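One structure is given here, and the rest of the page talks about it.
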Amino acid sequence: MSNINFNSLKTGPDSNGKFGIYGGRFVAETLMPLILEVESSYEKAVKDKFFIDELEKYRRDYIGRPSPLYLAERLTEHFGGAKIYLKRDELNHTGAHKINNVLGQILLAKKMGKNKIIAETGAGQHGVATATACALFGFECEVFMGAMDIERQKPNVQRMQLLGAKIYPVTSGTGTLKDAMNDALRYWVSNANTHFYIIGTAAGPHPYPKMVRDFQSVIGEEARSQILEKENRLPDALVACIGGGSNALGLFHPFLDDKEVEIFGVEAAGKGINSNLHAASLTAGSPGILHGNRTYLLQNEDGQITDAHSISAGLDYPGIGPEHSWLYDIGRIKYLSTTDEESLAAFELCSRLEGIIPALEPAHALHITGKLAAERKGQIIIMNMCGRGDKDLSSVLPLINKIS
Amino acid sequence: MNRIKKTFDDLKKSNKKGLGIFLTAGDPDFDTSLKIIENLPDNGVDFIEIGMPFSDPMADGPSIQLSSQRALKSGMSLKKSLLLVETFRKKNSHTPIILMGYFNPIYIFGKTKFINKCNEIGVDGLIVVDLPPEEDEELFIEAENKNLSCIRLVTPTTNKSRLEKILSNASGFVYYVSITGITGTQAPILENVSTNIKNIKSITDLPVVVGFGIRSPSQALAMANISDGVVIGSAVVDLINVSLDENANKSDTTINSCLNFITKVSKEIKHN
């Protein structure tokens, strides 16, 4: 039975975990009872005042929320058009939006009596957030990370180790996020009775896409009231980068029903959409089933998943959260893309003009933000600065030096 | 005539247990895998599970992951997996063939087209690992209506209310996953498997077959004694793996090492 209210775009998924045709529960039977338990526990938790108060306490006192909504005057001046506001989720404890979701899920795990945590990670931000929360709660933490990502995100690997997490390097496939998620799911199947899997993005089997979106929506809820306070009106546009798409949904979701707000998601175009070396699953993919949900995927004509490419480990994923796929089909959100090279330029620009070193992921969003701003004098744009770039320095600096 | 039903009825009449072998279509190449599969019935195999290779086999351990990769590298696709079955059927009309895999290649191929093709070439049943009963409308309802057996997986985590739900739409046989885990990685615990099979049998008359963790002839015998049959997969594809030459191509021993092992298992469980 569908419970989508067509007067609102915010009520999905339906009771089967579907957003239109996307989402669902495409998992092995071993995981099904567990996923149903996660779903019913989550539905109970969000109605439990104690759970909500505890989450609120950690958001405020541990993450440091609300994150500021910052008018980036020099970027605004540089592009010479719309006012650019940055939602500063890179100022969160652990340096990215990922912790918003992790604290929600770990409180749920605690409520379910599970104290062993599994996570996958690409850029390492979700792994660090999970390792952090596990340290805080005294839980065991096991992180699956692609061997190639371990190489390009060393500082995060060291942080996770210091925090007491066990890291499993994943060498299957291309050794990136997709493969890390495969191995995390396999490990979960093997430890279904004892472990809780904290998925880091708004993808995977129902209820994860919904749950992660809900925990991340704090970004958009804050941004909405902050902009109303500062400007006394809603923004004209929102921009965020998309790998799986959790930071983007977090910002976008509370604005979905505000028809006057245009929304832009930014995928990674890697070396160019026509190069076959990109991670733009909406722009260049087609619907299919992977990692427990139906969504847009990079795949060949035989339904084999193809490798994604992005300079940004956090965007290097051949799929996308199912709610994005639905919002793409119905046309509520426009999805654009930024190449590796364009993101490097934005990375450097933001560092120089604002004294904010962005992660490579939001640097993708910044490139598009700049382009949109230039054409929109008098308008207001909010971009999600979802992570900071310290982790990227060792891989980015040699490339920037080469370009300049 | 339903080959799966006839096979298990015949086994029951002769008081024997069934042996199923899983092989990935096209591992290590189309011709070699066809040759192995063609020889299975004469080596004591009662039914064959043919894996349709997928790039991201979420429920499989390293052995079958590698096997899938070898097959894809050799140029396999869903179409070629179907061609393999079609070729096998030309010479064998009695051995049940069950296609096993993940949903995405089927979804991309097209649900109805896939089901019709299966019927046309003599596929008897389907196991789609990532289609739990919650997603029955994706494939199984239409498949069942067109007389393809939809073989359900029951696992150690399946509780009683789910068991009833799963079995209400089951056909062919019930596949009991003997471990909480991925294929080929742990040894099942006899006592637990035995209890769970009794639970399944109290609800359904379908044969119950055990798989996912069986690697040796003696394990196969122990599991066969408490069920209607066993499936071995990872142990066989491991033999393919070790038999390959330095360029990862088949060698002179590839086919025989598989068949010798399978004969041993068959003899063990059939007391010949």
Side-chain angles (χ1 to χ4, degrees), chain A residues 15-18 21 23-37 39 170-174 178-179 181-195 204-206 285-295 297-307 318-319, chain B residues 52-62 65-66 68-69 71-72 75-81 101-110 127-135 137-138 152-163 165-166 175-177 179-183 185-186 212:
Chain A
S15 55
N16 295 315
K18 297 259 167 84
I21 64 163
R25 287 177 282 224
F26 296 88
V27 295
E29 171 58 24
T30 311
L31 287 182
M32 262 323 290
L34 195 57
I35 280 169
L36 293 172
E37 193 195 342
E39 184 186 350
V170 175
T171 50
S172 59
T174 44
K178 168 191 84 134
D179 311 297
M181 196 150 176
N182 283 336
D183 271 14
L185 281 162
R186 288 180 184 122
Y187 190 78
W188 197 27
V189 168
S190 310
N191 296 279
N193 293 320
T194 50
H195 287 58
H206 179 63
S286 57
I289 289 96
L290 179 71
H291 293 154
N293 60 163
R294 176 171 17 236
T295 193
L297 300 171
L298 300 179
Q299 56 185 329
N300 69 15
E301 67 292 341
D302 186 41
Q304 309 296 338
I305 311 304
T306 52
D307 296 328
Chain B
M52 302 172 279
F54 181 47
S55 54
D56 294 77
M58 231 169 59
D60 284 303
Q65 288 174 41
L66 286 174
S68 266
Q69 282 171 17
L72 289 172
M76 283 308 287
S77 60
L78 182 54
K79 266 188 202 149
K80 286 191 185 163
S81 300
Y102 295 82
F103 186 46
N104 197 49
I106 299 171
Y107 178 70
I108 297 302
F109 190 84
I127 301 177
V128 185
V129 183
D130 52 355
L131 283 184
E134 279 75 4
E135 303 292 351
E137 278 178 29
E138 297 287 340
R152 305 295 178 150
L153 302 180
V154 175
T155 73
T157 61
T158 307
N159 56 34
K160 188 144 189 301
S161 61
R162 280 194 71 72
L163 186 58
K165 180 174 178 170
I166 292 169
Y175 192 128
Y176 183 69
V177 174
I179 52 171
T180 306
I182 50 179
T183 52
T185 50
Q186 317 159 25
F212 263 52

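Only a predicted model underlies this, so the values are computations on that prediction, with no experimental measurement involved. Note on naming: letters A, B, ... go to the chains in the order of the sequence lines (proteins, then strands), and numbering restarts at 1 for each one.
Ionic pairing of A:Lys178 and B:Asp56 is present here: one or more N-O contacts between side-chain nitrogen and carboxylate oxygen are shorter than 4.0 angstrom. Using a 4.0 Å cut-off between charged side-chain N and carboxylate O, B:Glu138 and A:Lys18 make a salt bridge. Taking 4.0 Å as the cut-off between side-chain N and carboxylate O, A:Glu29 and B:Arg152 do not count as a salt-bridged pair. A salt bridge is absent between B:Glu135 and A:Arg294: the closest approach of a Lys/Arg side-chain nitrogen to an acidic carboxylate oxygen does not fall below 4.0 angstrom.
Contact annotation for B:Ile166: only side-chain heavy atoms (C-beta onward) come within less than 4.5 Å of a heavy atom of chain A. In this structure, chain B has no heavy atom under 4.5 Å from any part of A:Leu34. When heavy atoms are compared at a cutoff of 4.5 Å, B:Met76 approaches chain A solely by way of its backbone atoms N, CA, C and O. Contact annotation for B:Phe109: neither backbone nor side-chain heavy atoms come within less than 4.5 Å of a heavy atom of chain A. Residue contact with chain B, scored on non-hydrogen atoms closer than 4.5 Å, is absent for A:Pro205.
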The test is side chain to side chain contact (heavy atoms under 4.5 Å, CB included); show your working for B:Arg162 and A:Leu36 and say whether it passes. CA-CA 11 Å; B:Arg162 280 194 71 72; A:Leu36 293 172; 3.3 Å; yes
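Among B:Val128, B:Leu78, B:Thr155, B:Leu66, the residue with the largest count of heavy-atom pairs under 4.5 Å with chain A is B:Thr155. When A:Gly24, A:Ala28, A:Ser286, A:Gly17 are compared by the number of non-hydrogen pairs under 4.5 Å with chain B, A:Ala28 comes out ahead.
Pairing each heavy atom of B:Ile182 with each of A:Ser190, the nearest pair is N-OG, 3.8 Å. Looking at every heavy atom in both residues, B:Pro132 comes nearest to A:Phe26 through CD-CA, 4.4 Å. Between A:Pro33 and B:Thr157, the closest heavy-atom pair is CG-O, 3.2 Å. Heavy atoms only, all atoms of each residue included: A:Asp302 and B:Ser77 are closest at OD2-CA, 3.1 Å. Nearest heavy atoms, A:Val27 versus B:Met58: CA-CE, 4.4 Å.
With 3.5 Å as the limit, one finds a donor-acceptor pair spanning the side chains of A:Gln299 and B:Asn104.
Put simply, the side chain of B:Asp130 reaches to within 4.5 Å of the side chain of A:Ile289, judged on heavy atoms. Side-chain atoms of A:Thr30 and B:Thr180, non-hydrogen and from C-beta on, do get closer than 4.5 Å to each other. Taking 4.5 Å as the limit, some side-chain heavy atom of B:Pro57 sits within range of a side-chain heavy atom of A:Arg186.
Between atom OH of residue B:Tyr107 and atom CG of residue A:Leu290 there is a gap of 13.5 Å, rounded to the nearest 0.5 Å.
With sequence neighbours left out, B:Leu72 forms a side chain to side chain contact (heavy atoms under 4.5 Å, CB included) with A:Gln304, B:Pro53, B:Ser55.
Within a 6.0 Å sphere centred on CD of A:Glu37, other residues, nucleotides and ligands contribute more than 12 heavy atoms.
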